[in-house]
Amino acid sequence: MPKDDHLRDTPKVLLLAALGAILAVFWAQQLWRVEDWRTPLAWHQGGDALFNVLLAQNIAETGWYLENPRLGAPGTLEIYSFPVTILGPMLAFRLLGIFLAPGAVVNAFYLLGWPLAAMVAAWVFLRLGLSPPLAAGLGVLFTALPAHAIRGEPHLFLANLALVPPGILVAHALARKGLDTRGRIWALGFALVLGASDAYYAFFASILVFVGGAIGSFERRSGRRLLDAAAFALASVCGIVLATLPSLLHGIPSAAERTPAESSVLGLKLGQLVLPVQMHRFPPFGRVTEGYVLGGAAPGLATESVASALGLLATLGLLLLFAQLLGVQAPSSHPETTSIMARLALAGVLFATVGGFGSLFVTFVSPQIRGQNRMSVFIAFLALAGFGLFLDSVFARFPGGTVGPLAWGSAALLTLSGIWDQSSLLAIPRHRDNALAWAVDRDWVGKAEEALAPGAMVFQLPWIPFPESPQQEGIFPFDELRPILQSNSLRWSYGATKNSPTDLWQRAVVVMPPAEMVAAFRAAGFAAVVLDRRGYKDSGRRVGSELRRLLGSPIVASGDRRWELFSLATDRSAAEMAKYPDPEIFYDSFESGESDRWSEVGR
C-alpha cells in the first residue's frame with residue numbers, strides 16, 4: 001500500500017493507539033487500585049511530585065503558579081528564582097483546574113499524556129511510511145516506554161512524551177526532501193511550543209534537527225536546510241525565553257545549582273539503554289539488570305537513568321539501525337528513511353552517552369542540560385521506527401500485505417508482548433501506601449486548622465531550603481510541602497526561596513538557643529511550630545523535649561507520630577518584640593545589598 005494511502009487510515013490508527021495506551025497504563029499502573037483520584041499517584045513517593053501538586057495548588061489559589069502568599073511565611077512564596085520552562089503544562093493545569101482539585105490535576109495531566117503520546121507517535125510513524133497496524137502498535141509501545149511509567153508524576157513534564165515525535169519528523173524532513181512554506185511554519189510553531197513546554201526536549205530536538213539539516217545539506221549541496229535547522233533552534237529558544245520571562249524580568253539569580261560533574265552521573269549509559277528494565281516482570285531478566293547496576297559495571301550509577309531502558313523490541317530496532325551504519329543492510333520498506341533514522345540515532349547516542357559530546361556542552365557552554373539520559377526517549381522513538389520499517393518489509397509478504405488480517409494480528413501480538421516487556425514493577429504506584437499517607441496528613445492538618453485561626457502562621461522545623469535541597473535524614477526533597485498541600489487556611493514557613501530576605505531571616509532564627517528561637521517566632525507573629533521528627537538523627541527527641549519544656553504538650557500530632565504541632569499562644573510584650581530579629585530588617589538589608597553577611601547563617 002503506498003504511503004499516501006496509509007494516511008487515509010489516520011483516524012482509525014489514532015483511535016486504536018489511544019485505546020491501546022489507555023489499556024496499557026491501566027494495567028501497568030494498576031489503576032483499579034486507586035482509592036481516591038484526588039490523591040496524587042506518587043504522594044507516598046514524594047519528591048518532585050509534591051512540587052508539581054504545589055504548582056497546581058498555586059494556580060487554584062492565585063490564578064497562576066509563580067506565587068502563593070500562604071507559603072514562605074512571614075514572607076510569601078515566589079518561584080521567580082527557579083526558572084522552569086513549563087508554560088505549556090501550566091496552561092493545561094489552568095484548564096484542568098477548572099474541574100479538578102490540585103492532586104487530581106496532576107493525575108489527569110499524567111494519565112492523559114499516555115493516549116496523547118501514543119496518538120502523536122502513531123501520527124508521525126504514519127508519515128514516516130509505516131503501515132497502519134505498526135503505526136498504531138508502535139505508538140502504544142512508545143507511550144509505554146519505561147521512561148514514561150518510571151518517571152511518572154515526580155518527573156511529570158519529562159513524562160510528557162507527546163513532545164518528542166514531531167521534532168524527529170522535522171529532522172527527517174530536512175534530511176530527506178526539505179520543508180516547504182507550510183512545513184516551515186508548522187515546524188517553527190512546534191519549536192516555539194516545545195521550548196515553552198520543556199527545555200530538555202527542545203534542546204535534544206534541536207540537536208537532531210541540526211543533524212537532519214546537515215545530512216540534507218551535504219547530500220543536496222545546499223545550505224538552506226541548515227538555515228531551517230537554525231530557525232527551528234531559534235524558535236525553541238524563543239519559547240524558552242517566553243516561559244521564563246517572569247524570572248528574567250525580576251532579575252533574581254537562579255536558585256537552581258547545577259555542575260558539569262553531574263553529567264557523568266546523569267548521562268546515558270549504554271548498558272542501561274539496552275538491558276531489560278530494572279525490576280522486570282520476568283525475574284531472570286530483572287536479575288541481569290540488577291547485577292549490572294548494583295554489582296557490575298555501573299555500581300552507584302543507578303540514578304534516574306534506570307528509566308532509559310528501551311525494551312526488547314526497541315533494542316532490536318536500534319541494533320538494526322546500527323547494523324545498517326556498518327554496511328549490513330537489513331530489509332526495509334523505506335531504505336532512505338531507515339538510513340536517516342540510523343544516523344539520527346547514532347547522533348543521539350554520541351551526544352547523550354557518558355563522556356560524549358553532551359559532557360563537552362555542560363563543561364564549556366552550560367551545566368543546565370546535565371541529564372543527558374533523558375535523550376533516551378528520542379533514541380527509543382528512532383529505534384521503534386527502524387524496527388517498524390523492517391517489519392513492514394516482512395508484513396508485505398503476508399496474505400493481504402501490510403494491512404491484511406495477519407499483519408493486524410501480528411502487530412497486536414507484538415504490541416502486547418512489548419507492553420509486558422517494557423513494564424516494570426518499579427513503576428507501579430504504591431496505591432495503598434498513598435491512600436494511608438494521604439489520610440494521615442489530611443487528618444492532622446485538618447485538626448491543626450480547627451485549632452488555629454484562619455491565616456495563622458506555622459513555622460516548620462527543621463528549616464529546609466527551598467526549592468531544591470538534599471535529603472536531610474528522613475526528609476526527602478519537598479517533603480515539607482505535605483502539610484501545606486492539605487491546608488486551606490494556614491500560612492507555612494516552608495517555601496521561602498534560597499537567599500531571599502525571608503529565607504535569611506529563617507536561617508538566622510533557627511540557630512538560636514531554643515528559648516530565644518521560640519521568642520523570635522512569637523515576635524514575628526507565628527501562632528505555632530510544627531516539628532517533623534524525620535528531619536533529625538535522634539528522631540527529634542532533643543528538639544521535641546525542648547519544645548515541650550517551653551510550650552507544653554503538642555496540641556496536634558499526626559497518627560504516624562511524624563508531625564507534632566506546638567502552640568505559641570502567649571502575651572507578647574513590647575520588649576520581646578524588640579529583642580529578636582524583625583523580618584523587615586532582612587528585607588531592608590536585601591534591598592540595600594547588605595544581605596550577604598547573612599549567607600552563612602544557619603548552615
Side-chain angles (χ1 to χ4, degrees), residues 68-82 252-257 456-470 472-473 475 477-481 483-484 490-533 535-537 540 542-547 549-551 565-568 570 572-603:
N68 193 326
R70 291 202 307 109
L71 281 73
T76 186
L77 167 72
E78 294 182 341
I79 311 182
Y80 299 109
S81 65
F82 191 54
I252 301 175
S254 174
E257 300 173 359
M457 294 192 299
V458 180
F459 197 97
Q460 295 168 265
L461 290 175
W463 169 81
I464 301 292
F466 179 88
E468 292 182 326
S469 63
Q472 180 169 321
E473 301 304 329
I475 294 180
F478 299 115
D479 255 6
E480 300 310 284
L481 287 174
I484 299 169
L490 300 179
R491 297 181 63 195
W492 305 80
S493 64
Y494 182 67
T497 310
K498 292 178 185 177
N499 293 320
S500 67
T502 303
D503 174 63
L504 299 176
W505 176 82
Q506 291 180 0
R507 282 193 252 172
V509 169
V510 296
V511 296
M512 293 178 176
E516 296 181 18
M517 178 181 69
V518 167
F521 291 157
R522 287 173 174 155
F526 282 90
V529 177
V530 64
L531 175 66
D532 184 352
R533 290 184 168 275
Y536 301 89
K537 290 182 179 180
R542 185 181 64 83
V543 176
S545 175
E546 289 290 340
L547 290 175
R549 180 178 64 82
L550 294 167
L551 302 174
L565 184 73
F566 297 85
S567 173
L568 288 167
T570 186
R572 293 182 297 159
S573 67
E576 182 185 58
M577 292 284 288
K579 181 178 179 181
Y580 299 103
D582 186 333
E584 292 298 326
I585 296 174
F586 289 79
Y587 285 88
D588 294 340
S589 64
F590 184 81
E591 293 171 356
S592 65
E594 298 176 0
S595 60
D596 288 346
R597 64 194 179 92
W598 296 101
S599 61
E600 297 300 319
V601 174
R603 290 187 179 177

Taking it one step at a time, do Trp463 and Val511 satisfy side-chain contact (heavy atoms from CB on, under 4.5 Å)?
-> CA-CA 10 Å; Trp463 169 81; Val511 296; over 6 Å; no
In Å and rounded to the nearest 0.5 Å, what is the CE to CZ distance from Met517 to Arg522?
-> 11.0 Å
Just by modelled atom types, is the Ala496 backbone N or O under 3.5 Å from a matching donor or acceptor in the Gln506 side chain?
-> no
Shortest non-hydrogen contact from Val458 to Val529?
-> CG1-C, 4.4 Å
Non-hydrogen atoms of Pro462 and Asp532 that approach each other most closely = CD-O, 3.7 Å
Work out which heavy atom in Phe566 is nearest to a heavy atom in Gly544; give both atom names and the distance.
-> CZ-O, 4.3 Å
Which heavy-atom pair separates Thr502 from Pro74 by the least distance, and what is that distance?
-> CG2-CD, 3.7 Å
Kindly say whether Glu480 contributes a backbone atom to a donor-acceptor pair with the side chain of Gln460 at under 3.5 angstrom?
-> yes
Side-chain donor or acceptor of Arg70 paired with backbone N/O of Trp492 under 3.5 Å | no
Can you list the residues that meet the ring-ring contact (aromatic ring centres under 6.0 Å, His included) rule with Tyr494, with sequence neighbours excluded?
-> Phe466
Without swapping roles, check the side chain of Thr76 against the backbone of Asn68 for a donor-acceptor pair under 3.5 Å.
-> yes
If you take all heavy atoms of Met512 and Ala520, which pair is closest and at what distance?
-> SD-CB, 4.1 Å
Heavy-atom closest pair, residues Leu551 and Ser567 | CD2-O, 3.7 Å
May I ask you to test the Thr497-Tyr80 pair for a side-chain heavy-atom distance under 4.5 Å?
-> no
Pairing residues for Arg533 by the salt bridge (Lys or Arg N to Asp or Glu O under 4.0 Å) criterion, not counting sequence neighbours | Glu564
When the ring planes of Trp505 and Phe459 are compared, do they come out parallel, tilted or perpendicular, using 30° and 60° as the limits?
-> perpendicular
Report the distance from atom NZ of Lys498 to atom CG of Leu504, rounding to the nearest 0.5 Å.
-> 13.0 Å
How far does CD1 of Ile464 sit from CG of Leu481, to the nearest 0.5 angstrom?
-> 11.5 Å
Indicate yes or no: at least one non-hydrogen side-chain atom of Pro483 is less than 4.5 angstrom from one of Val530.
-> no
